[in-house]
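Along the sequence shown, residues carry numbers from 1.
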Amino acid sequence: MQLFPTPKSAVLLNSVAIQRALTRIAHEIAERNETGERVVLVGIQGGGLPLAQRLSALLTGIWGNPVPCGSLDVSMHRDDLDQRAAPRVHPTVIPFDVTAKTVVLVDDVLFSGRTIRAAMDALNDFGRPKHIQLAVLIDRGHRELPIRADFVGKNVPTALAEKVHVRFGEAGAEDEVVLERP
């Protein structure tokens, strides 16, 4: 019996904290890559796309030249396709050549690593990047594959049953990252 019940949800990042994390990630990407001429961003459909678009704008300001941004749907490349209901397929739009570029994959939450593995498989359909880097807003642990992010907004140790939701101004609300407990 708990004397003080745990709340069902908690805000991990508000809109100001999200912007601060994205600004830090953008500067880390710029420091690691020195010049933006060979860097492209690819947001994984769902939560990664709005983050990639925001990072593209921030990097454009840092480097002074446009940083291309695309979107990637990984649903048909997942290794658990047979365990899921019909996948929600989103458009993949990569209007640039990834060959010999540094591709920064962007996602909202890193969990098991399976989405990132699927993204790397899907990316190979578009060419052979020189480097692939990974930027995530939240790393919640529980990796099933040997994958780690190069750029992380916030590490949040979670229980397996907990969920992390990244919300981008949905229904007029502000951006936020919320941890939900069962």
Side-chain angles (χ1 to χ4, degrees), residues 4-33 36 39-75 88 90-95 102-116 118-119 132-143 147-182:
F4 302 102
T6 307
K8 289 285 186 191
S9 66
V11 175
L12 299 174
L13 297 174
N14 61 19
S15 62
V16 172
I18 290 172
Q19 186 58 40
R20 189 172 33 248
L22 290 175
T23 300
R24 183 174 35 77
I25 290 170
H27 282 279
E28 289 174 0
I29 292 170
E31 287 172 12
R32 185 157 186 192
N33 294 291
V39 175
V40 297
L41 300 175
V42 176
I44 297 173
Q45 274 292 2
L49 180 56
L51 291 172
Q53 292 167 334
R54 292 175 186 196
L55 284 171
S56 175
L58 290 166
L59 287 165
T60 295
I62 292 168
W63 280 322
N65 59 290
V67 177
C69 182
S71 65
L72 183 66
D73 180 70
V74 301
S75 53
R88 289 187 350 185
H90 296 76
T92 290
V93 179
I94 300 181
T102 295
V103 175
V104 180
L105 283 175
V106 182
D107 205 4
D108 55 354
V109 179
L110 178 56
F111 183 42
S112 68
R114 295 189 177 281
T115 298
I116 304 308
I132 298 176
Q133 298 171 354
L134 176 60
V136 298
L137 183 59
I138 302 293
D139 183 346
R140 60 174 290 200
H142 302 287
R143 219 71 78 239
I147 290 174
R148 70 169 177 81
D150 299 285
F151 313 104
V152 178
K154 184 174 180 78
N155 287 294
V156 181
T158 61
L160 280 172
E162 294 174 327
K163 305 276 185 212
V164 175
H165 298 284
V166 179
R167 300 181 179 131
F168 299 108
E170 297 164 359
E174 290 202 17
D175 297 345
E176 65 181 1
V177 178
V178 176
L179 174 69
E180 292 185 2
R181 296 176 178 91

Between [X] and [Y], is there a donor-acceptor pair closer than 3.5 Å when you use the side chain of the first and the backbone of the second?
{"X": "Lys163", "Y": "Arg181", "result": "no"}
{"X": "His165", "Y": "Glu180", "result": "no"}
{"X": "Ser56", "Y": "Val67", "result": "yes"}
{"X": "Asn14", "Y": "Glu176", "result": "no"}
{"X": "Asp150", "Y": "Leu134", "result": "yes"}

So which heavy atom on [X] is nearest to which on [Y], and how close?
{"X": "Ser9", "Y": "Val178", "value": "CB-CG1, 3.9 Å"}
{"X": "Val136", "Y": "Ala149", "value": "CG2-CB, 3.7 Å"}
{"X": "Gly113", "Y": "Ile147", "value": "O-CD1, 3.2 Å"}
{"X": "Asp73", "Y": "Ser75", "value": "OD2-OG, 2.6 Å"}
{"X": "Glu174", "Y": "Ser15", "value": "OE1-OG, 2.7 Å"}
{"X": "Ala26", "Y": "Leu58", "value": "CB-CB, 3.8 Å"}

How many angstroms lie between atom [atom1] of [X] and atom [atom2] of [Y], to the nearest 0.5 angstrom?
{"X": "Leu13", "Y": "Leu179", "atom1": "CG", "atom2": "CG", "value": "11.0 Å"}
{"X": "Ile116", "Y": "Leu105", "atom1": "CD1", "atom2": "CG", "value": "6.0 Å"}
{"X": "Ile62", "Y": "Glu31", "atom1": "CD1", "atom2": "CD", "value": "9.0 Å"}
{"X": "Lys154", "Y": "Leu137", "atom1": "NZ", "atom2": "CG", "value": "10.0 Å"}
{"X": "Leu110", "Y": "Arg148", "atom1": "CG", "atom2": "CZ", "value": "11.0 Å"}
{"X": "Thr115", "Y": "Leu72", "atom1": "OG1", "atom2": "CG", "value": "11.0 Å"}

In the structure I gave you, are the side-chain heavy atoms of [X] and [Y] within less than 4.5 Å of one another anywhere?
{"X": "Arg32", "Y": "Glu28", "result": "no"}
{"X": "Phe111", "Y": "Leu160", "result": "yes"}
{"X": "Thr92", "Y": "Gln45", "result": "no"}
{"X": "Phe168", "Y": "Leu51", "result": "yes"}
{"X": "Ile25", "Y": "Val106", "result": "no"}
{"X": "Leu12", "Y": "Arg140", "result": "no"}
{"X": "Leu55", "Y": "Val104", "result": "no"}
{"X": "Gln133", "Y": "Asn33", "result": "yes"}

